[in-house]
Engineer: 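Below is the structure I would like to discuss, written out as C-alpha cells.
Index from 1, following the sequence. Since the structure is predicted, the reported quantities are computational estimates derived from the model, not experimental observations.
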Amino acid sequence: MKRLSIIGAGNMGSAIASLFLLHGWQARLIDPSEQARLSSRRKVLGAQAGGSEDDSRISWHASLAAAHDAELVIEAAPENLELKTEIFRQLEDICSPQTILASNTSGIPINMLAQALSRPERFIGAHFFTPADIIPLVEIVPSLLTAPETGEYMLAVLRGTGKLPVLLKQDIPGFIANRLQHALAREAMSLLEKGVASARDIDTVAKWSLGVRLALTGPLEQRDINGLDIHHAIAGYLYENLESSRQPLRILAEKVEQGRLGVKSGHGFYDWDQPEQRRSLRRKDAALRRLVSLLRESETEGHAEQ
C-alpha cells in the first residue's frame, strides 16, 4: 500500500486524506494540535463509506517523525513562510532522500520554499482547492530547481486519484486560479462598495451568467466563441473603468478589522448565523459532487465522439 503523510489536519488536510484513502493509499495526518487531530478523525472517518474507529489505513500523529517512511508528503499547514520552511527542513532529515515533498500553499512562491532545502529537486507545489476531495483541479507548480521527473510523478499520482492536474510552466504569485479569482472578487467588492447592487444580486449575476458558462468553457475559449473583435472593442472603453486598486479595497479591510470574516465568524458579506445560510453550506458540497459528476460525463461523451 502506497504511503502518504499529510502535514496539517485541518479541513484541507483531512479532505486530501479522504481523497487518497478512496484510491488505495495509506494516510497519516500529522498535526501538533490534539483538537485538530480529533476533529479531523471525525471528518475523515465520517466521510469514508464503511469507515470505522480501527481503520488501519488512516492514523493521526503529533510528531513529524511519523512521516519517516512516506512515499509522498503533502504539507497543508497555515500560510506562514517560516513555519513551512521549518517543516520541510525537518522533513528532509526525517524522510528518505527518495520521498517527494509537496506544498499545498496557495500564495507563497515555490521558488522561495525550494531555496531553503537541500534536496529541492524532489520538492514541488501541489495546490488543491476546497473542498479538496471534490474539486477536480490541482495546480502543480515546480520551482526552478524541481527535477522534471518530480513533476511527472505528481501528475501520475493525482491522475490516479481522479484529479485533473495542470502543470504550470512558471512559479508566479497566486499561480493561475487565485489570480483569476482575486480579479473577479476585487471587481465584485468594488461594485458592492459603490452601491451598484447588493451582495446577493452581484453573486446571482456571477453564478447564473459567468458561473454557468465557466463550468463548460474557460474565459479564453469563451472569447473565441464570442469573437475576439467584439472583446477588443469592449475592452477599449471598459478596461479604464474596471477596479485596478493595488491594495485590498476599503470594504474588505473594514470587514477584517471588524472581525466579520465570513463563515468562520458567523458574519461577512452575508449573515451566516441564519439557519438558511447554514443549510445552504451543507447543500453546496452535495451539489458540487453532482455537478462534477455531470461535467465528467459530458467530457467523456465529448471524447467518445471525437
Engineer: If you count every heavy atom of other residues, nucleotides or ligands that lies below 6.0 Å from Lys194 atom NZ, does the total exceed 12?
Structural biologist: yes
Engineer: Quick test of your reading of the model: are Asp133 and Lys163 salt-bridged, counting only N-O distances below 4.0 Å?
Structural biologist: no
Engineer: Would you call Arg89 and Glu92 a salt bridge, using N to O less than 4.0 angstrom?
Structural biologist: no
Engineer: For Gln222 and Asn226, which I'm curious about, is there any donor-acceptor pair between the side chains at under 3.5 Å?
Structural biologist: yes
Engineer: Taking the side chain as everything from C-beta on, heavy atoms only, tell me whether Thr130 gets closer than 4.5 Å to Phe128.
Structural biologist: no
Engineer: Hey, could you give me the OG/CD distance between Ser103 and Glu79, rounded to the nearest 0.5 Å?
Structural biologist: 7.0 Å
Engineer: Which heavy-atom pair separates Leu19 from Ala132 by the least distance, and what is that distance?
Structural biologist: CD2-O, 4.2 Å
Engineer: To the closest 0.5 Å, what do you measure between OG1 (Thr99) and CZ (Arg119)?
Structural biologist: 7.5 Å
Engineer: Can you tell me how far NZ of Lys284 sits from CD1 of Ile134, rounded to the nearest 0.5 angstrom?
Structural biologist: 12.5 Å
Engineer: Roughly how far, to the nearest 0.5 Å, is the CG atom of Leu21 from the CD1 atom of Ile16?
Structural biologist: 12.0 Å
Engineer: Search all heavy atoms of Arg3 against all heavy atoms of Asp69 and return the closest pair with its distance.
Structural biologist: NE-O, 2.9 Å
Engineer: Got a sec, which residues hit side-chain contact (heavy atoms from CB on, under 4.5 Å) with Leu291, two or more places apart in sequence or on another chain?
Structural biologist: Leu295
Engineer: Please check if the side chain of Thr204 supplies one atom and the backbone of Arg200 the other of a donor-acceptor pair under 3.5 Å.
Structural biologist: yes
Engineer: Without placing hydrogens or testing angles, list every side-chain donor-acceptor pair under 3.5 Å for residues 149-157, not counting sequence neighbours.
Structural biologist:
from	atom 1	to	atom 2	distance (Å)
Thr150	OG1	Glu121	O	2.7
Tyr153	OH	Glu71	OE2	2.8

Engineer: Do we see a donor-acceptor contact under 3.5 Å between the side chains of Glu86 and Gln90?
Structural biologist: yes
Engineer: Can you see which heavy atom on Pro142 is nearest to which on Asp171, and at what distance?
Structural biologist: O-CB, 4.0 Å
Engineer: Tell me, please, which residues at least two apart from Phe175 pass ring pair (Phe, Tyr, Trp, His ring centres under 6.0 Å).
Structural biologist: His127
Engineer: Give me the atom names and distance for the closest heavy-atom approach of Ser56 to Gln26.
Structural biologist: O-NE2, 4.2 Å
Engineer: Is it the case that atom CG in Asn11 sees more than 12 heavy atoms from other parts of the structure closer than 6.0 Å?
Structural biologist: no
Engineer: Quick one: which of Leu168, Ile172, Thr146, Ile176 gives a side-chain contact (heavy atoms from CB on, under 4.5 Å) with Val141?
Structural biologist: Leu168
Engineer: In this structure, would Ile124 and Ile87 fall into the same cluster of hydrophobic residues linked by side-chain contacts under 4.5 Å?
Structural biologist: no
Engineer: If I take atom CE from residue Met12 and atom OG from residue Ser40, how far apart are they, to the nearest 0.5 angstrom?
Structural biologist: 13.0 Å
Engineer: Quick one: does Arg278's side chain have a donor or acceptor within less than 3.5 Å of a partner on Trp272's backbone?
Structural biologist: yes
Engineer: side-chain hydrogen bond (donor to acceptor under 3.5 Å, both in side chains) between Ser96 and Gln98: does it pass, once the steps are laid out?
Structural biologist: CA-CA 5 Å; Ser96 160; Gln98 282 70 52; 3.0 Å; yes
Engineer: Could you grab the distance from atom CG of Leu83 to atom CZ of Phe88, nearest 0.5 Å is fine?
Structural biologist: 10.0 Å
